[in-house]
Amino acid sequence: MEQGTIIRSIGDYVLRRVNEEDIPSVVSVNLVTLPEHYSDFFYYELLRNFPEGFIVAEKGGKIVGYIMCRIEYGFSFFKFNIVRKGHIVSIAVLAEHRRKGLGEAMMLEAMEAMKKRGCEEAFLEVRVSNHPAISLYKKLGFKEVRRIPFYYRDGEEALVMAKPL
Ligand code: ACO
Ligand code: ZN
């Protein structure tokens, strides 16, 4: 599958794989939706590392949401060995396009891509106060596996949530 390939449509929206030229728009969505920001280099690095796991939602040529992920090796959250894991690094949808199923669809497509890359589990960190996101992850079967105090720069605690794939 090439960069930019359309994955599926949801009403007037399409989900497609990101292109390098989309990164500035993805950065803009991140800037207005989340307090966690990243260097431009980091976005290109994720695109290089796991292009199938970097997906955007678009409407009329405008990017309104993204998910970006990384493949990692490490201790399983569910058994006693080392596994390949898909890390959901960041997901966001512009406020005016929420509750239309885009976040859920991007999560499902990213998890499919993780499975194809041999990942046995998916995981992410989320602020303990982020109820919309936590609801989405629970709906998809993610469970809280640990907490990391002071994970965020403002001192907030993170929930680590994971799911076998
Ligand atoms: N309240 C309660 N449940 C919610 C909410 C909410 N505000 N939003 C989503 N959900 C749950 C519901 O179960 C919903 O299903 P339903 O609409 O049938 O009830 C389900 O999630 C799917 O919702 P979507 O419409 O697919 O989610 P959306 O496109 O709105 O995106 C997201 C969810 C990405 C969390 C969005 O709210 C957002 O961008 N928030 C700001 C950025 C953010 O917090 N990102 C996550 C940070 S953690 C991380 O990146 C790993
Ligand atoms: Zn993370």
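In listed order, ligands and their atoms are each counted from 1.
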Considering the heavy atoms of [X], write down every atom of ligand 1 situated less than 4.0 Å from one of them.
X      : result
Glu125 : 48 (S), 49 (C), 51 (C)
Ser90  : 50 (O)
Thr33  : 41 (C), 42 (C)
Ile88  : 51 (C)
Ala92  : 39 (O)
Leu34  : 42 (C), 43 (C), 44 (O), 45 (N), 47 (C)

What do you reckon, does [X] have a nitrogen or oxygen under 3.5 Å from a nitrogen or oxygen of ligand 1?
X      : answer
Ala105 : no
Gly101 : yes
Leu124 : no
Ile91  : yes

I want to check something: taking the side chain as every heavy atom from C-beta on, are [X] and [Y] in contact at a cut-off of under 4.5 Å?
X      : Y      : answer
Leu124 : Val160 : no
Phe78  : Glu121 : yes
Leu165 : Met111 : yes
Cys69  : Leu46  : no
Val27  : Phe42  : no

Closest protein heavy atom (residue, atom, distance) for [atom]:
atom                    : value
atom 3 (N) of ligand 1  : Ser135 CB, 3.4 Å
atom 39 (O) of ligand 1 : Val93 N, 2.8 Å
atom 23 (O) of ligand 1 : Leu136 CD1, 4.3 Å
atom 29 (O) of ligand 1 : Gly103 N, 2.8 Å
atom 10 (N) of ligand 1 : Pro132 O, 3.8 Å
atom 26 (O) of ligand 1 : Glu104 N, 2.8 Å
atom 49 (C) of ligand 1 : Tyr137 OH, 3.3 Å

I need the minimum non-hydrogen distance between [X] and [Y], along with the two atoms involved.
X      : Y      : answer
Phe142 : Ala122 : CE2-O, 3.7 Å
Arg17  : Asp22  : O-OD2, 4.3 Å
Val126 : Ala133 : CG2-CB, 3.9 Å

Check this for me: does any side-chain nitrogen of one of [X] and [Y] sit under 4.0 Å from a carboxylate oxygen of the other?
X      : Y      : value
Glu120 : Lys79  : yes
Arg16  : Glu58  : yes
Asp154 : Arg127 : yes

Does only the side chain of [X] get under 4.0 Å from ligand 1, or the backbone, or both, or neither? Count heavy atoms.
X      : answer
Lys100 : backbone
Asn130 : side chain
Arg98  : both
Phe123 : neither

Atoms of type N, O or S from protein under 2.8 Å of the Zn ion (ligand 2), total 2

Determine, counting only non-hydrogen atoms of the protein, whether one lies under 4.0 angstrom from atom 32 (C) of ligand 1.
no

Best match, Arg99, Glu36, Lys139, Met161: closest heavy atom to atom 18 (O) of ligand 1
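Closest candidate by heavy-atom distance is Lys139.
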
Which word best sums up how the rings of Phe123 and Phe77 line up, parallel for under 30°, tilted for 30 to 60°, or perpendicular for over 60°?
tilted

Is Glu156 reaching over with its side chain to a backbone N or O of Ser129, donor-acceptor style, under 3.5 angstrom?
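Yes; at least one donor-acceptor contact below 3.5 Å.
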
side-chain contact (heavy atoms from CB on, under 4.5 Å) between Glu109 and Arg8: does it pass, once the steps are laid out?
CA-CA 9 Å; Glu109 295 298 341; Arg8 66 154 116 156; 2.8 Å; yes

How long is the gap from CZ on Arg98 to OG1 on Thr33, to the nearest 0.5 Å?
6.5 Å

Does ligand 1 have an atom under 4.0 Å from some heavy atom of Tyr13?
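No.
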
Where do Tyr44 and Asp40 land on the side-chain contact (heavy atoms from CB on, under 4.5 Å) test, with the steps shown first?
CA-CA 7 Å; Tyr44 292 102; Asp40 287 1; 4.2 Å; yes

Kindly indicate, with the supporting measurements, whether the criterion side-chain contact (heavy atoms from CB on, under 4.5 Å) is fulfilled by Tyr137 and Met107.
CA-CA 9 Å; Tyr137 306 143; Met107 288 283 297; 3.7 Å; yes

May I have the list of side-chain donor-acceptor pairs in residues 81-95 shorter than 3.5 Å, sequence neighbours left out?
from: Arg84; atom 1: NH1; to: Arg117; atom 2: O; distance (Å): 3.3
from: Arg84; atom 1: NH2; to: Tyr73; atom 2: OH; distance (Å): 2.9
from: Lys85; atom 1: NZ; to: Phe75; atom 2: O; distance (Å): 2.8
from: His87; atom 1: ND1; to: Glu72; atom 2: OE2; distance (Å): 2.6
from: His87; atom 1: NE2; to: Glu125; atom 2: OE1; distance (Å): 3.3
from: Ser90; atom 1: OG; to: Tyr66; atom 2: OH; distance (Å): 2.7

